[in-house]
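Atoms considered below: every heavy atom in the structure, side chains included; atoms not considered: hydrogens, waters and symmetry mates. Remember, predicted model here, so these are calculated numbers, not experimental data. Each residue takes its place number in the sequence, starting with 1. Order of listing sets the numbers, starting from 1, for every ligand and every atom in it.
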Amino acid sequence: MIDKINELLAEVNDMKAKNAEELEALRIKYLSKKGKIPELMSDFRLVPPEMKKEIGIRINELKDRAQARMAELREQFAISDADNSDLDLTRTAYPVQLGTRHPLTIVKNEIIDIFSRLGFTLADGPEVEDDWYVFSSMNFAEDHPARDMQDTFFIESHPDIILRTHTSSVQSRVMEVQKPPIRVICPGRVYRNEAISYRAHCFFHQVEGLYVDKNVSFTDLKQVLLLFAQEMFGSDTKIRLRPSYFPFTEPSAEMDISCNICGGKGCAFCKGTGWVEILGCGMVDPNVLELNGIDSSVYSGYAFGMGIERITNLKYQVKDLRMFSENDTRFLREFESAN
Ligand code: DAH
């Protein structure tokens with residue numbers, strides 16, 4: 001009996017448990033009703049009377065020791081639980097940082113929205129284009145300076161393949177597959193080989209517009225653009241069209257709006273003129289219609305193209321174009337409420 005007690009005492013001193021489950025398993029093994037120590041107690045009645053006292057003391061010691069050892073082990077868990085004491089399960093969650101729409105996306109969506117209400121649908125084309133869509137089909141002469149290496153990114157091994165310099169290439173893509181009436185706008189990214197500064201970048205964004213049908217006139221163009229300007233910049237906005245030149249339109253014009261910062265009185269932004277330029281436009285050159293398989297004796301059309309950065313600058317006075325592509329969240333967050 002004494003040997004059995006000593007054996008169990010050694011086991012008890014050696015008890016190890018890494019977690020509450022293991023500790024409970026030990027309790028069941030040694031201290032529960034059918035555990036090893038109570039079992040020993042049931043054998044107690046077989047102990048000769050003269051030894052009862054000593055054995056009784058030893059068994060009690062064993063039982064106390066087992067309980068103390070279990071308390072020690074429990075305390076170790078309590079200490080590691082205390083490491084998690086900063087876990088406050090009643091605390092509200094950390095605020096989730098939501099992203100914001102990019103200002104160029106906000107303005108692009110607004111442009112799309114305005115023209116959609118006028119019956120224009122969306123079209124797009126690839127950013128990596130070939131010379132035909134960007135230049136030839138748009139009536140650029142072979143020696144037109146816009147084809148120059150200065151402006152256009154070429155692929156070295158394939159000089160015919162370029163990054164589009166304007167979204168006018170989508171005009172040709174659309175006319176290729178669609179017969180008039182055509183009424184589309186084409187937002188997208190364009191690339192030009194320019195030194196990056198606060199006022200120029202090697203890529204930016206444009207929205208192209210194209211309307212081809214029977215009897216389309218310059219008056220239609222002017223009215224649509226006036227409506228656009230007033231929707232975008234406010235109902236007091238005035239427009240003016242100045243004669244200009246583009247290979248793909250004839251006649252061509254550049255459109256100014258009354259400066260939305262000073263209301264037309266003249267300020268630093270409009271350089272004292274009261275007007276700011278926002279887009280190029282004109283009647284689709286009959287050559288362009290013919291080059292793209294549309295009979296210019298039956299159909300006429302107008303087209304326009306605007307820079308999204310330019311419109312965004314006018315709306316939000318962003319002074320440095322580079323801000324649009326630097327992904328500085330302090331800048332992007334400024335547009336949270338414009339979403
Ligand atoms: N493609 C011209 C540019 O990138 C913009 C433009 C001007 C587009 C006149 C047009 C237009 O459709 O009619 O500067």
Side-chain angles (χ1 to χ4, degrees), residues 104 108 111 115 118 120 122-127 129 131-141 144-148 150-153 162-175 182-194 199-213 216-226 228-229 239-257 276-289 291-292 294 296 299-311 313 321:
L104 295 177
K108 179 185 78 177
I111 298 170
F115 284 105
L118 294 168
F120 286 77
L122 281 178
D124 68 0
E127 291 176 18
E129 266 292 11
D131 183 274
W132 165 258
Y133 292 103
V134 178
F135 296 130
S136 301
S137 70
M138 288 289 107
N139 199 34
F140 279 78
H144 193 281
R147 294 176 180 234
D148 199 295
Q150 297 293 310
D151 292 311
T152 310
F153 284 115
I162 57 180
L163 295 182
R164 67 181 179 195
T165 55
H166 58 179
T167 45
S168 302
S169 55
V170 187
Q171 285 193 27
S172 176
R173 292 255 168 209
V174 171
M175 287 188 270
I182 292 169
R183 192 160 23 175
V184 290
I185 53 165
C186 329
R189 181 174 287 176
V190 301
Y191 300 83
R192 288 190 198 170
N193 193 359
E194 304 238 13
R199 53 196 292 267
H201 213 294
C202 59
F203 66 81
F204 53 99
H205 301 80
Q206 292 187 329
V207 177
E208 190 78 14
L210 175 69
Y211 182 25
V212 182
D213 202 350
V216 177
S217 72
F218 201 93
T219 320
D220 299 328
L221 170 64
K222 191 177 164 191
Q223 197 56 36
V224 158
L225 293 180
L226 174 64
F228 165 71
I239 63 166
R240 86 176 175 188
L241 291 155
R242 286 177 289 103
S244 184
Y245 172 77
F246 298 102
F248 33 91
T249 42
E250 182 59 36
S252 301
E254 268 163 319
M255 186 174 99
D256 297 339
I257 59 164
V276 283
E277 187 196 318
I278 65 159
L279 55 80
C281 61
M283 300 306 292
V284 180
D285 192 304
N287 279 344
V288 171
L289 294 176
L291 281 166
N292 290 286
I294 291 174
S296 63
Y299 296 103
S300 56
Y302 64 69
F304 55 86
M306 65 185 91
I308 303 181
E309 278 82 352
R310 176 103 186 121
I311 310 270
N313 280 345
L321 261 183

List of N/O pairs, ligand 1 versus protein, all under 3.5 Å?
unit_1	atom_1	unit_2	atom_2	d
ligand 1	1 (N)	H166	ND1	3.0
ligand 1	1 (N)	S168	OG	3.0
ligand 1	4 (O)	R192	NH2	2.9
ligand 1	4 (O)	Q206	NE2	2.9
ligand 1	12 (O)	Q171	NE2	3.4
ligand 1	12 (O)	E208	OE2	2.6
ligand 1	12 (O)	F304	N	3.4
ligand 1	12 (O)	F304	O	3.3
ligand 1	13 (O)	A303	O	3.2

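In this structure, F115 and F228 have parallel ring planes: the angle between them is below the 30° cut-off, well short of the 60° mark. Using a 30° and 60° split on the angle between ring planes, Y191 and F153 fall in the perpendicular class, above 60°.
In this structure, H166 has its ring center at least 6.0 angstrom away from the ring center of F246.
Evaluation of the salt bridge (charged side-chain N to carboxylate O under 4.0 Å, His left out) test over residues 164-174, restricted to residues two or more places apart or in two chains, returns E129-R173.
A side chain to side chain contact (heavy atoms under 4.5 Å, CB included) with N139 holds for exactly one of N292, N287, L289, T249; it is N287.
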### Message
The test is side chain to side chain contact (heavy atoms under 4.5 Å, CB included); show your working for H205 and E309 and say whether it passes.
### Response
CA-CA 7 Å; H205 301 80; E309 278 82 352; 2.8 Å; yes

